[in-house]
> 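Below you will find the structure I want to go over with you.
Fair warning: this is a prediction, and the values are worked out from it, not measured in the lab. The chains referred to below are lettered A, B, ... by the order of the sequence lines, with proteins before strands, and numbering in each begins at 1.
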Amino acid sequence: MDIQKPSIPRGTRDFGTIETVRRNYIFNTIKEIFQLFGYAPIETPAMENLSTLMGKYGEEGDKLLFKILNSGDFLSSVSASELENGDSNNISALISEKGLRYDLTVPFARYVVQHFNEITFPFKRYQIQPVWRADRPQKGRYREFYQCDADVIGSNSQINEAELVQIIDEVFKRLKINVTVKFNNRKILAGIAETIGRPGELIPLTIAMDKLEKAGLEKVVAELKANGFSDENISKLKPVLEFIGDTEAKLTFLQSMLQGSETGLKGLKEINSFLDYLKNIKITADVELDLTLARGLNYYTGAIFEVKAKDVSIGSICGGGRYDDLTGIFGLKNVSGVGISFGADRIYDVLEQLTLFPQEVSGGSKVLFVNFGNKEEKICMSYLPELRKNNISAEIYPDPAKLKKQMNYANAKSVAYVVLVGEDEINEGKITVKNMITGSQEKTTLEHLIAEILNP
RNA sequence: GUGGAUGUAGCUCAGCUGGUUAGAGCGCUGGAUUGUGGUUCCAGAGGUCGCCGGUUCGAACCCGGUCUUCCACCCCA
């Protein structure tokens with residue numbers, strides 16, 4: 001039999017011990033903050049019915065869904081003529097009815113509708129699980145990655161938006177990442193579309209506007225023209241694209257521009273309410289209104305957020321928004337929700353690039369007992385529980401290997417103290433403790449070692 | 001999904017216009033030091049040159065395909 005070189009699918013990764021400990025540091029930080037704000041955890045399955053997932057993320061999203069082949073004789077449901085036609089889309093619908101989740105928001109909406117009777121509203125939940133996208137991987141883009149979501153469903157108040165910004169601020173403050181929180185409102189974008197004379201063409205408009213920062217005004221205009229926007233449409237839009245000023249100035253400008261649009265004015269009202277709540281909160285991060293912020297996910301209808309790291313260029317590390325009717329498609333009308341999603345894997349990349357991971361995130365033992373042989377290891381075995389009882393992680397080297405090898409092991413695992421108990425120590429009822437950081441060494445007792453570690 | 005790069009030891013990389021036996025640093029193992037790591041010195045192990053095929057007397061090197069990683073679009077966390 002051939003030995004095959006093992007590998008994992010592209011865009012997926014193994015995590016070593018250091019990486020896992022560091023990732024847990026991110027997850028734990030986020031989880032702690034979520035709980036601090038009263039969010040409770042749920043989990044949903046890795047796979048959902050495709051009918052739940054399809055059509056929720058736009059055309060692009062459907063393409064990026066990982067589909068799971070039906071079990072058993074999956075071809076039996078395909079007729080010969082369909083096979084002959086070779087329409088992949090058609091056939092895939094026949095042979096696959098499950099898919100891996102693409103995000104956590106849509107499964108959450110499904111969950112809310114399905115468990116409506118058990119839930120007390122407003123429902124604040126958090127969820128930290130992997131999601132999968134059949135995207136082409138590159139830096140900061142993986143096919144399996146973790147999202148850390150917090151959502152409030154069943155409340156229209158902008159107090160939720162303000163709270164989510166507060167959570168974002170708190171999380172990145174603790175992780176020591178400088179960020180800018182950009183926000184916008186889909187209703188305002190809809191109002192702009194209306195005002196320039198292209199109501200209902202929100203999506204092509206926003207996709208083009210989104211490129212302003214990256215591609216520049218000319219490219220945006222060119223794309224709009226290609227999508228059938230007239231010169232008059234574009235000249236009406238230009239003041240928006242060219243506007244320079246702070247959040248307040250933008251709002252004043254929009255107030256007069258959107259007079260004719262009911263939706264647009266509603267969006268303005270939402271933003272003003274949101275900002276009003278925010279005034280009472282001390283926020284460290286920069287928070288700014290960005291009219292070119294669009295975000296692709298189709299289900300957003302109100303506020304939208306995006307968070308960027310100031311010191312690293314990696315795309316957004318957190319995003320979110322309000323969806324007024326995501327549960328509607330599953331039969332539950334008039335339930336509005338708003339949520340944010342932290343991208344743990346990108347946050348990892350940011351922390352690594354800025355070397356912001358705390359030192360103590362190592363994962364090894366604090367104390368290692370050297371193994372000198374059968375008689376000595378038994379004494380060590382009796383000491384170990386004493387340390388662990390005091391919440392000090394400790395281990396004994398399992399084999400009576402050469403001392404050099406055991407010291408090397410301690411060094412590689414960044415163990416702080418190595419304890420040597422040989423014949424001399426046994427006779428004296430003491431232990432020899434070597435401090436691996438300073439290199440100094442002294443004969444002492446177990447009690448003294450414990451005391452030193454607990455009260456440095 | 002479109003376009004462009006990339007792949008040589010565990011890691012980072014050298015390897016001339018195709019020419020005998022493919023190299024370095026770091027790491028690893030052993031020794032100098034039989035109860036002392038992180039510094040030093042010596043020795044050693046480790047390679048289907050991503051994979052498959054083609055051109056050639058001869059391929060790590062040229063050509064085709066495929067996979068990987070990366071970059072730009074698209075989109076996104």
> Please give, in whole Å, the distance from B:G27 P to A:Tyr409 OH?
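The answer, rounded to whole Å, is 20 Å.
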> When the nearest nucleotide of RNA chain B is assigned to A:Lys139 and to A:Glu423 on a heavy-atom basis, which residue is associated with the more 5' position?
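Final value for this comparison: A:Glu423.
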> Considering only heavy atoms and no angle criterion, is a donor-acceptor pair shorter than 3.5 Å present between the side chain of A:Asn411 and the base of B:G38?
no
> Side chain to side chain contact (heavy atoms under 4.5 Å, CB included) with A:Lys98: which of A:Ile68, A:Thr52, A:Leu69?
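Output: one option passes, namely A:Ile68.
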> Between A:Asn371 (CG) and B:G35 (C1'), how many Å, whole number?
13 Å
> Is there, by distance only and without an angle test, a donor paired with an acceptor across the side chain of A:Gln138 and the base of B:U69 below 3.5 Å?
no
> So which one's nearest nucleotide on RNA chain B is more toward 5', A:Glu425 or A:Arg143?
A:Glu425
> Assign A:Leu368 to base, sugar-phosphate, or nothing according to its heavy-atom contacts below 4.0 angstrom with the strands shown.
nothing
> Would you indicate what A:Asn408 reaches in the nucleic acid, counting non-hydrogen atoms under 4.0 angstrom: base, sugar-phosphate, or nothing?
sugar-phosphate
> Rounded to whole angstroms, how far apart are CG on A:Asp62 and C1' on B:C75?
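Rounding to the nearest Å, CG of A:Asp62 and C1' of B:C75 are 13 Å apart.
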> Who does B:A22 pair with, Watson-Crick or G-U, both distances under 3.5 Å?
none
> Could you give the distance separating B:U39 and B:A72 at their C1' atoms, to the nearest angstrom?
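Their C1' atoms lie roughly 47 Å apart.
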> In whole Å, what is the span from the CD1 atom of A:Ile203 to the C1' atom of B:C75?
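That distance rounds to 14 Å.
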> Figure out the NZ/C1' separation between A:Lys211 and B:A72, and round it to whole Å.
14 Å
> Considering non-hydrogen atoms only, spot the tightest contact between A:Gln129 and A:Glu43 and give its length.
OE1-CA, 3.3 Å
> For a quick check, tell me whether the side chain of A:Arg10 and the base of B:C70 share a donor-acceptor pair closer than 3.5 Å.
no
> With a 3.5 angstrom cut-off on both distances, give the Watson-Crick or G-U wobble partner of B:G44, or none if there isn't one.
B:C28
> Mind checking A:Gly373 for me? I need base, sugar-phosphate or nothing, with any heavy atom below 4.0 Å counting as a touch.
nothing
> Select one nucleotide: of B:C76, B:G35, B:G37, the one nearest the side-chain heavy atoms of A:Met436.
B:G37
> Please determine, for the side chain of A:Ile207, which listed nucleotide (B:C75, B:C76, B:U36) has the closest atom?
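The closest nucleotide is B:C75.
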> Nearest-Å distance, CZ (A:Arg136) to P (B:A72)?
13 Å
> What does B:C51 pair with, Watson-Crick or G-U, if both distances are under 3.5 Å?
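The base-pairing partner of B:C51, which may sit in any strand shown, is B:G65.
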> Heavy atoms under 4.0 Å, any strand shown: does A:Tyr142 hit a base, just sugar-phosphate, or nothing?
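Base contact.
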> Choose from B:C75, B:C71, B:G37 the nucleotide whose nearest atom is closest to any side-chain atom of A:Met407.
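Closest of the options to the side chain of A:Met407: B:G37.
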> Using both distances under 3.5 Å as the test, list the Watson-Crick or G-U wobble partner of B:U33, or none.
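Across any shown strand, B:U33 pairs with none.
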> By the 4.0 Å heavy-atom rule, please label A:Leu420 as base, sugar-phosphate, or nothing.
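Base contact.
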> Touch check for A:Gly61, heavy atoms < 4.0 angstrom, all strands: base, sugar-phosphate only, or nothing?
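Contact class for A:Gly61: none.
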> Applying a 4.0 Å non-hydrogen cut-off, can you work out what A:Ile347 is touching in the nucleic acid: base, sugar-phosphate, or nothing?
nothing
> A:Phe372 vs A:Glu423, test: side chain to side chain contact (heavy atoms under 4.5 Å, CB included). Steps then yes/no.
CA-CA 9 Å; A:Phe372 281 118; A:Glu423 206 153 342; over 6 Å; no
> Work out how far the C1' atom of B:U29 is from that of B:A9, and round it to whole angstrom.
15 Å
> Using the C1' atom as the reference point in each nucleotide, state the distance between B:U2 and B:U48 in Å, no decimals.
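These two C1' atoms come out 34 Å apart once rounded.
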> C1' atom, B:G25 versus B:G65: distance in rounded Å?
36 Å
> Restricting to non-hydrogen atoms, name the atom on A:Val165 and the atom on A:Phe305 that form the minimum distance, rounded to 0.1 Å.
CG2-CE2, 3.7 Å
> Does the B:C76 base have a donor-acceptor partner in the side chain of A:Arg133 within less than 3.5 Å?
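There is none.
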> Separation of A:Glu60 atom CD from B:C74 atom P, in whole Å?
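Rounded to the whole Å, the gap is 11 Å.
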> What do you reckon, are the aromatic ring centroids of A:Phe342 and A:Phe172 less than 6.0 Å apart?
yes
> Taking B:A24 as the reference, what is the distance to B:C49 when you measure between their C1' atoms (whole Å, please)?
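Straight-line distance between the two C1' atoms is 16 Å.
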> So A:Phe183 and A:Phe274, would you call those rings parallel, tilted or perpendicular, with 30° and 60° as cut-offs?
perpendicular
> Is any N or O donor-acceptor pair between the side chain of A:Lys404 and the base of B:U36 shorter than 3.5 Å?
no
> May A:Phe145 be described as stacking on the base of B:A77, applying a 5.5 Å centroid limit and a 30° limit on plane angle?
yes
> Taking the P atom in each of B:G19 and B:U12, what is the distance between them to the nearest angstrom?
26 Å
> Can you tell me the Watson-Crick or wobble partner of B:G3, both distances under 3.5 angstrom?
B:C71
> For A:Gln441, which contact category applies under a 4.0 Å heavy-atom criterion: base, sugar-phosphate, or nothing?
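It contacts base atoms.
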> Looking only at atom types and distance, does a side-chain atom of A:Asn184 sit under 3.5 Å from a main-chain N or O of A:Asp290, one as donor and one as acceptor?
yes
> Using the P atoms only, state how far B:A14 lies from B:C62, rounded to an integer number of Å.
15 Å
> Provide, to the nearest angstrom, the distance between the CD atom belonging to A:Gln127 and the C1' atom belonging to B:A77.
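One finds 15 Å between C1' of B:A77 and CD of A:Gln127, rounded.
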> Nearest heavy-atom pair of A:Pro107 and A:Glu48: which atoms, and what distance?
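Minimum heavy-atom separation between A:Pro107 and A:Glu48: CB-OE2, 3.4 Å.
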> Parallel, tilted or perpendicular, judged at 30° and 60°: which one describes the rings of A:Tyr299 and A:Tyr57?
perpendicular
> Considering every strand shown, what is the Watson-Crick or G-U wobble mate of B:A14 when both distances are under 3.5 Å?
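Pair assignment: B:A14 / none.
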> With P as the reference atom in both, quote the distance from B:G1 to B:G58 in angstrom, rounded to an integer.
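Looking at atom P only, B:G1 and B:G58 are 38 Å apart.
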> Mind checking if A:Lys402 touches a base, just sugar-phosphate, or nothing, with heavy atoms under 4.0 Å?
sugar-phosphate
